[in-house]
Each structure stands twice: as structure tokens, then as C-alpha cells.
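Order of the sequence lines sets the chain letters (A, B, ...), proteins ahead of strands, with each chain counted from 1.
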Amino acid sequence: MLLSDAKAGYEGYINNILGDKKVKQFLVSLGCYKGAKIKLVSILAGTYVINIKDSRYALDHKMASSIELLD
Amino acid sequence: MMKTVKIALTGNPNSGKTTLYNAVTGRTEYIGNWPGVTVQKKETKLKRKYSCKNVDVRIVDLPGAYSISPFTDEEAITRNFILNQRPDVIINIIDGANISRSLYFTTQLLELSIPVVTALNKNDIIAKRQDIVNIPRLEQELGCPVIPITATKEQGLIQLITTAVEAVGKNQVQVLPPFAYSESLLRQKYIDKIIKNTITKKADLSTTTLSDKLDKIIAHKWLGIPIFFALMCLVYYLSIDGIGGYLSTYLNNFITKIIIPDTAAFLAYLKVPPLLKGLVVNGAVAGLGAVIGFLPLIMILFFCLSLLEDSGYMARIAVIMDGHFKKIGLSGKSIIPMIIGSGCAIPGVMAVRTIENVNEKRMTAILTPFIPCGAKLPIIALFAAVFYPKSSWVGPSIYFTAIIVIVLGGLLLQKLFLWEQTSSFVIELPEYKIPSLKHAFNQMFYQARNFIRKASTIILVMNTLVWFMQGHNYYLQPVADQSVSMLSTIGNLVSPLLTPLGFVGWQPAVAIITGFAAKENVVATLAILLGIASTDLLHTPGGPLAQFFNPVTAYAFLIFNLFAPPCFAAVSAMNAELGRKWLLRGLAFQFCVGYILAMIISQIGTLIIYGKFAHGFQSAIIISILLFVIIIWKIRRTALKPKKYSLFT
């Protein structure tokens, strides 16, 4: 399942990061990588607010669809 | 001999580098509670309290970065400085609120064989969360000193600086296994192990916090934008009509009724030659006074903006705007330069560096100067007082016009220069915090000092020049009639261009020209030109300004000054972000927007309100038709082009 299809409150692990290398590298530096714990805190005005490690990030739909979750 | 040591501050965005920099150097650099406040390198020496014997320490503040491989332009500045300039020591700031993410960058810095000293910042947050960090173990795992600090409270800074200076010339021992650039996953796994060995956590931060609950309202799909507008209206109301306007009226009266006559009397008493007296009283003091009178407005504006920026709201407004701004070719992050730009367009334009996509970055740099900046407030306040006394809609109406123009301008730019939308948006949401009043006051006085400095240099020089040129002809002989002076010839050269906008006479043209040096000059120039010709006070309702404008053309004049290209300093900031080719396109676009808007307001407004044609109606019709044809031609040409050619290089 992609993060963009998840419901607010989803808690689980990342299965894979799709998309180009630059975005991938960037997400990894935030702590967004295969096997990392992720929580979808809420969906606000069409952006996905996630918790990774100790921080909150807002991602747009496109970025959210590049994160594949472990079902 | 004094040894010079260069210490670079590095760390994740919003980890507190600039707060630390300000604390140890005594500077007042821009800080705020969102990632990406610092977009350029800054360097200075330590303040006395922290300076060391026999060592001249230079501190370099760098933009925040999540890793050594840059994602945005300001991150690239950090990377290039560290790799090319090689500082003597790196102070790496670890964000106590997110240690494990910070360590990703830390471990990369440790591989550069530059001595690293780690500052564990936001120690107060760590204590509040009741996390326990085993510092000796962390030092051992990383192979570098770790100093706990709280930069906001100036705790641990002496020890940090001393440790950093001692580290100069030492070899950075490599205790971490070397990771290749592509092995970012292995690096993260290794960091997880370090975290497990050194930190005991109590709180689970993924649970819903107060910040999350606030976000549900503040970043709500429908409520978000009304809340933003309400906040900005409040900021403008407080600055222009509220406390700022109130104080400004007093200051203006004080200057025109006491300072100016007293200076004149004093100089007369000293028997100063009339030329010098005129220069000082009618040129420098009258012009400066007209500008300085508006100082309270600008101070209140920066005070309010500082509170807003410190609260954590900026990242939220980027979230709210993202969906809407994408439709007009901007990013959600574009709103941040625009809010900063409502203080001053220069840092506003520079803030576009945090936008990753080059098209969105360019559009933002072109559209940001449309937001009325602090220097334009005096023009708004003066015209509102003279032509619309006792009505508080002028300030907010300008702001709304700016927003509408930005939206339409974005759409038009997209049609003129077609491109594919390929960007993605990600921003860290820092926790909300109660904004610091101390910081807001500091920022307010800092900006007041800047304003006075600007007034006493560029504005003063322009005022003196304007006074001299309005009173002398080309043979440098004094003239009694302004209309035969040097200034009037210059104004008369430009004024035909302004006829379609309904502006009559050479004086408005001169004010517009001096406005490009600094926007406050528009007010100062009018004050000098009218102050000599009339004894009425400039800012009284229906005062001497009424001989040039009626309420409709006055509004058009305001709009032209706000939307036409910004001051030279902001233009050079645009040049730095856009490059020559796009700067010229941007300036042409801004000029056309200001011109057309002023023309529409003047011509159509006069027709509706006064029921007659305004001055220059025929030429306005011709210009409108010409521009319309050019725009349609350009849009059609762009639309016909195959997409791959229309992408920027």
C-alpha cells in the first residue's frame, strides 16, 4: 500500500521508497527508508503529515505516493 | 601573532545554528521557527565574553542541511563551504528534539578529516521530555567531544567554544566504519545502533500532541486560508491604523510643527547662508522628516512579523498554500518568501533558495516583490491619510490586490513561459512555541536601526539632490520657479509615459524615479517638492497632494509604485537568484503589471466615479490594444512550441 492510500492514524513500517535518486536520498536523510517506522498523523488540506523518528513532516500527494508501506 | 581560527556552524535546519551564532557573536541575524531561515553564509568574530586569548576566532554560520548531498540551493552553500573552504573546526549542532536524524549529517561530517565538536542543543527539550543521553558513550561512539548546550538560554556556550578552539589542528579520529555515498541505508542502521546504546527515551512522540491538535484547525482545508488572511489583516491594521499609525501621527506632527521650524530658526540665528539653510531645512530635514515620521509603522510591522515567524506558523501556511499555489505554478513554500517580503523584499527574494524546483523558484522571485514591503508602507499611509481620511480599508485592500495579482500573475507567467509541473513538496513541521517577546523587541529595534541607517544614507543623499535640482537650472543658477529647474526637465521627459495612467505633471514622475533608489523616497520627494511650494502640511486630508491627484488617480499612483519593479537593492537580490536573462524578463513583467493596473484603475475608475474620461484616455486605449496583442501572440507562440523546447535550461 502507498502512503497516499493510507488512512490517518496508520502506524507501521516502510517497505520501499519509489521515485528518483535525489528524492530517495533526501528521504533517507530524514530517516525515511525501508524498514523504518512511520505514522500518518493526519491529512491536512491534502498534505500528509507523517511522524518519522522524532519529527513531523508534511508531504504532498506526489511525495506520499513515493512511499510504499508494509501491509 | 594572533592565530586566526575559522569555526563553521553546521547542523539540520531549525536546529538552532543562528541562535547559537547570535549568542556568541552578539549579532542580530534573522531567526525563526521554521526550517530554512538562514539562506546564506555569514561570518564574524566572537563577542568579548566568549573570545579566547591569543586566538582570533571567526564564526561562520551556514544554512541548515539534512545531509552533505544537497537537495536545495541553500544546502549546497553549506556543502560547498565545508568541502572547498575547509574550516579549522566544525561545530556540529545536534537538534536535541531529533537526535537520530541529526546524527546522519554528523556521521558524514566526521568523515571529512576536519576536527568536529558536537553541540547537543535544545538540552531543555531533552530534559522536558525526560530523555536520558549518555554523553560519554556518545562521545566514544562518534569519536568527537559532545557538549550539551541550550543556545536560547546561553548555557554551555563557553565550554563549547573552548573545546572547539582546543580541537584546532587535532586529527579527527575515524571511529565509525566508512560508508560509501550509496550506502545511506547502512549508515542509518548504524545510527539506530548508536541511538540504542546512548539514549533512553521516555515519551512516545508519535502520539497526538497539542501541536497536532492546533494543526487540525490552523491548517484546516477551509479554515486555513481565512485564518491566514485574518492574521495578515491584523498585522497591517496594527501597523498602519492601530498603534503604529497612532504613534506615527504624533511623530509626523512633531517633526513638521516643531523640528522643521526650530531648525530653520536655529540656522537663521547662526546666520547660515541661505543656500545652506535651504539645503538643510527644505531638503534634508523636510525629506527625512517625512520618512522618519513613519518609523513607528515599520517597527510595529517587524514586531508582528517576528512573532508570527517565531511561533512555528510559517511551515503551516506553506502546507495550506501548497495545493492552491501548485495550480498557479508556485510551491507551498513560496508563501514564506512572500511573508518575509512583507517586511522587506530583499530577504524575501533570497528566501526562494529553499524551493527545490527551479521554475517555482523563479516564479516566486518574480512575484514576491508584489507584496507591499515595509518601505512601501509610508506611501500607503500618506496617500490613505490625504485621500481617504478615516477609512481603514486602504492598507488591507492593497494587500488583497497584491494576492489577486500574484495569482493572476502566476497564471499568466505559466502561459507565457510554458513548463511541465514536476515538483514535489516536503517541509518539516516544527512544534509550535510561544513566540519570544524579547526576540520580537530585538528584531524591532534592529530593523529600526536599519531604517534610520538607510534614511541617513541613500534617502538623505537623494533628498539633498532633489532639493538642489528643483531649485537650480542647468547653469547651476538658483531659480525661484520649480518648473524651470533641472528636476522638472527630467520629470517632463518621463511624464508623457505616465499620461495614460492619469498622472499629470513632472512631480509624480520624479517621485517614481527616486522611488527606485528606495521606496521611501517617493514620500520624501513629494514632501520636498510640495513643502517648498506650499505651507500646508503634506499629510493633512486634502493637503497639497490634491493638486496632482484625485482619490482615483491617487490609488492608481499607489498601485503603480507598489507593483512596478522594486528598489535597486531588491532588484540586485533578484539578479542573484534569477540570473540576467530571467531578471530582465521579471522586471519587464513587473513593470507591465504595475503599468496596466494603474492604467485600468485610473481610466475605468474615473469613468465610473466621475462619469468622464480621464486624462490620457486615447493613449491608454492604444497601449491596451498593443499589450493585448503582444500577450496573445506570445501565449500562442508558447503553446505552439513542442514541450521539450519550452523547458528551462
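The two residues B/Glu428 and A/Ser55 make their nearest non-hydrogen contact at OE2-OG, 3.5 Å. Scanning all heavy atoms of the two residues, the minimum distance from A/Ser29 to B/Arg101 falls at O-CG, 3.6 Å.
Under the 3.5 Å distance criterion, the side-chain polar atoms of A/Asp54 are left unmatched by any main-chain donor or acceptor of B/Asn98. Judged purely by atom type and a 3.5 angstrom limit, B/Gln188 has no side-chain atom pairing as donor or acceptor with the backbone of A/Tyr33. At distances below 3.5 Å, not a single donor-acceptor pair connects side-chain atoms of B/Lys221 with backbone N or O atoms of A/Gly46.
When heavy atoms are compared at a cutoff of 4.5 Å, B/Lys216 approaches chain A by way of both its backbone and its side chain. Both the backbone and the side chain of B/Thr209 come within less than 4.5 Å of a heavy atom of chain A. Contacts between B/Pro35 and chain A at a heavy-atom distance below 4.5 Å are absent for every atom of the residue. Within the 4.5 angstrom heavy-atom criterion, no atom of B/Glu431 approaches chain A. The part of A/Ser42 that comes within reach of chain B is its side chain, from C-beta onward, which places non-hydrogen atoms under 4.5 angstrom from that chain. A/Lys22 touches chain B through backbone and side chain together, each having a heavy atom under 4.5 Å away. Contacts between B/Ala97 and chain A at a heavy-atom distance below 4.5 Å involve the backbone alone (N, CA, C, O). If you measure heavy-atom distances from B/Asp212 to chain A, the contacts under 4.5 Å come from the side chain alone.
Other residues, nucleotides and ligands contribute only 12 or fewer heavy atoms inside 6.0 Å of the NZ atom of A/Lys34.
Residues A/Arg56 and B/Asp215 have side chains not in contact (no heavy-atom distance under 4.5 Å, counting atoms from C-beta outward). You'll find the side chain of B/Tyr104 reaches within 4.5 Å of the side chain of A/Val28, heavy atoms only.
Using cut-offs of 30° and 60° for the angle between ring planes, the B/Tyr66 and A/Phe26 rings count as perpendicular.
In terms of non-hydrogen atom pairs under 4.5 Å with chain A, the most contact-rich of B/Phe105, B/Trp222, B/Phe425 is B/Phe425. When B/His220, B/Lys189, B/Lys201 are compared by the number of non-hydrogen pairs under 4.5 Å with chain A, B/Lys201 comes out ahead. For the set A/Leu44, A/Val49, A/Asn51, A/Leu59, the entry with the most heavy-atom pairs within less than 4.5 Å of chain B is A/Leu44.
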*Decide side-chain contact (heavy atoms from CB on, under 4.5 Å) for B/Ser67 and A/Gln25; before the verdict, give the C-alpha distance in whole Å, the side-chain angles of both, and the deciding distance to 0.1 Å.*
CA-CA 9 Å; B/Ser67 84; A/Gln25 279 291 343; 5.9 Å; no
As a quick check of understanding, evaluate side-chain contact (heavy atoms from CB on, under 4.5 Å) for A/Asp60 and B/Lys326, giving each step before the final call.
CA-CA 10 Å; A/Asp60 66 353; B/Lys326 277 221 175 81; 2.7 Å; yes
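Classification of A/Lys37 and B/Asp192 as a salt-bridged pair fails, no side-chain N sitting under 4.0 Å from a carboxylate O.
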